[in-house]
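Accompanying notes for the structure given below.
Each residue takes its place number in the sequence, starting with 1.
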Amino acid sequence: MDNKPTCKGLGLDNEFILWYLFGSNDVKPVDSCDQHSDIYQEKAISSDQLSDDVSIFHSYAYQSFQPEFQLCWSSIPGNKFGVMASRLIPQDVWIGPYEGKLIDINKEDKCEDRNNMWEILQQNQIRYFIEGTDLSSANWMRFIQCARNKAEQNTSAFQYKGRVYYRVLRDIDIGEEILVWYDDCYQQYMGIPIMEQTNGTKF
């Protein structure tokens with residue numbers, strides 16, 4: 001008798017679940033010149049989604065990309081876009097700051113999408129949030145995805161003088177996706193902690 005667990009009610013088999021939790025997709029660059037290429041067909045993007053994706057290329061978030069980084073198809077299953085290195089990124093470099101709308105702590109419950117929301121602490125108290133959903137106010141860092149575990153991690157988020165930066169934990173090779181992961185000190189609103197750092201090289 002086969003006692004292996006399944007998720008038949010959701011229409012998911014064990015192979016898919018293992019891929020989703022531990023597998024990865026190929027990291028491929030996304031460029032405005034590719035907006036009608038086979039890359040979109042490989043991801044099975046509908047015509048409605050294509051219109052949304054094409055608009056990304058005209059947004060501030062996309063236009064703010066620095067030459068060291070490039071928009072890519074994320075390696076993390078379930079996520080569409082990510083950020084890959086277009087040049088070697090040395091260890092201890094600071095990436096940032098993260099840009100977005102400032103949200104008052106009394107209004108955060110009105111934000112429908114909290115996946116791109118960071119809390120800013122002062123004297124161990126939450127003072128406000130930085131929310132990166134809006135492509136017209138958020139910068140390119142809003143496309144950086146979270147690693148699923150520390151083995152995938154190559155950057156760590158921290159707060160410095162009221163802003164959020166990502167510190168590079170090891171050299172990141174050309175073509176490698178930037179993935180941020182947990183640290184042990186402070187909590188980001190959606191559960192990603194941030195740590196304080198006072199030195200390093202900035203991008």
Side-chain angles (χ1 to χ4, degrees), residues 10-13 15-89 93 95-96 98-100 113-118 131-157 164 166 168-182 188 190-192 203:
L10 299 176
L12 306 177
D13 58 25
E15 183 177 353
F16 176 85
I17 295 171
L18 289 173
W19 168 78
Y20 192 88
L21 294 175
F22 306 107
S24 63
N25 297 317
D26 292 336
V27 177
K28 298 181 180 180
V30 175
D31 190 87
S32 57
C33 296
D34 296 328
Q35 55 188 284
H36 300 296
S37 73
D38 292 339
I39 295 178
Y40 285 88
Q41 297 176 14
E42 290 173 9
K43 288 291 179 175
I45 294 177
S46 68
S47 58
D48 291 339
Q49 290 174 310
L50 179 61
S51 298
D52 293 339
D53 293 337
V54 171
S55 67
I56 288 176
F57 298 118
H58 303 289
S59 68
Y60 170 72
Y62 181 80
Q63 297 295 329
S64 67
F65 264 94
Q66 299 177 357
E68 294 84 3
F69 305 95
Q70 184 177 359
L71 188 69
C72 70
W73 296 111
S74 178
S75 64
I76 305 298
N79 293 313
K80 184 184 297 182
F81 296 120
V83 175
M84 62 183 286
S86 55
R87 301 178 184 176
L88 177 67
I89 310 299
V93 159
I95 301 174
Y98 188 98
E99 296 179 18
D113 185 356
R114 299 174 181 176
N115 291 326
N116 294 299
M117 185 180 291
W118 287 98
E131 198 270 331
T133 301
D134 189 344
L135 294 174
S136 66
S137 59
N139 67 350
W140 63 275
M141 290 180 66
R142 53 101 53 216
F143 294 113
I144 295 177
Q145 299 292 346
C146 297
R148 292 164 294 183
N149 52 64
K150 288 196 173 184
E152 293 180 336
Q153 172 189 20
N154 52 28
T155 60
S156 179
V164 173
Y166 295 173
V168 177
L169 299 179
R170 58 171 175 79
D171 289 354
I172 301 176
D173 294 328
I174 296 173
E176 185 178 353
E177 184 174 4
I178 313 300
L179 295 171
V180 68
W181 182 243
Y182 304 104
Q188 182 250 13
M190 290 303 294
I192 300 176
F203 263 146

Least distance between heavy atoms, Phe81 atom then Gln145 atom: O-NE2, 2.6 Å
Identify, with sequence neighbours excluded, every residue that meets side-chain hydrogen bond (donor to acceptor under 3.5 Å, both in side chains) alongside Asp171. none
Testing the basics here: between Leu71 and Gly82, what is the closest heavy-atom pair and its distance to 0.1 Å? CD1-O, 3.4 Å
Can you confirm whether Pro77 sits close enough to Arg148 that some side-chain heavy atom of one is under 4.5 Å from a side-chain heavy atom of the other? yes
Tell me every residue that passes salt bridge (Lys or Arg N to Asp or Glu O under 4.0 Å) with Asp173, counting only those two or more places apart in sequence or in another chain. none
Of all residues at least two apart in sequence or in a different chain, which pass the side-chain hydrogen bond (donor to acceptor under 3.5 Å, both in side chains) check with Arg170? Glu176
Tell me, do Val168 and Asn154 make a side-chain contact under 4.5 Å, heavy atoms counted? no
With side chains defined as the heavy atoms from C-beta onward, is the minimum distance between Leu135 and Tyr62 less than 4.5 Å? no
Whether Phe143 and Phe65 hold their rings parallel, tilted or perpendicular, with breakpoints at 30° and 60°: parallel
Backbone of Phe57 reached by a side-chain donor or acceptor of Gln63 within 3.5 Å: yes
All heavy atoms of Met141 vs all of Gly96, minimum pair found to be SD-CA, 3.4 Å
Taking the side chain as every heavy atom from C-beta outward, state whether Phe69 and Met84 have any atom pair closer than 4.5 Å. no
Looking at NZ of Lys28 and SG of Cys72, how far apart are the two atoms once the value is rounded to the nearest 0.5 Å? 11.5 Å
Roughly how far, to the nearest 0.5 Å, is the CD atom of Gln66 from the CZ atom of Arg87? 10.0 Å
Listed partners of Glu177 passing side-chain hydrogen bond (donor to acceptor under 3.5 Å, both in side chains), at least two apart: Ser74, Ser75
What residues, two or more places apart in sequence or in another chain, satisfy side-chain contact (heavy atoms from CB on, under 4.5 Å) together with Ser64? Tyr60, Asn139, Trp140
With rounding to the nearest 0.5 angstrom, report the CD to CG distance, Glu68 to Leu88. 11.0 Å
How long is the straight-line distance from NZ of Lys150 back to CG of Leu169, given to the nearest 0.5 Å? 9.5 Å
Restricting to side-chain contact (heavy atoms from CB on, under 4.5 Å), what partner residues turn up for Ala138, sequence neighbours left out? Arg142
Between the CG atom in Leu179 and the CD1 atom in Ile76, the distance rounded to the nearest 0.5 Å is 5.0 Å
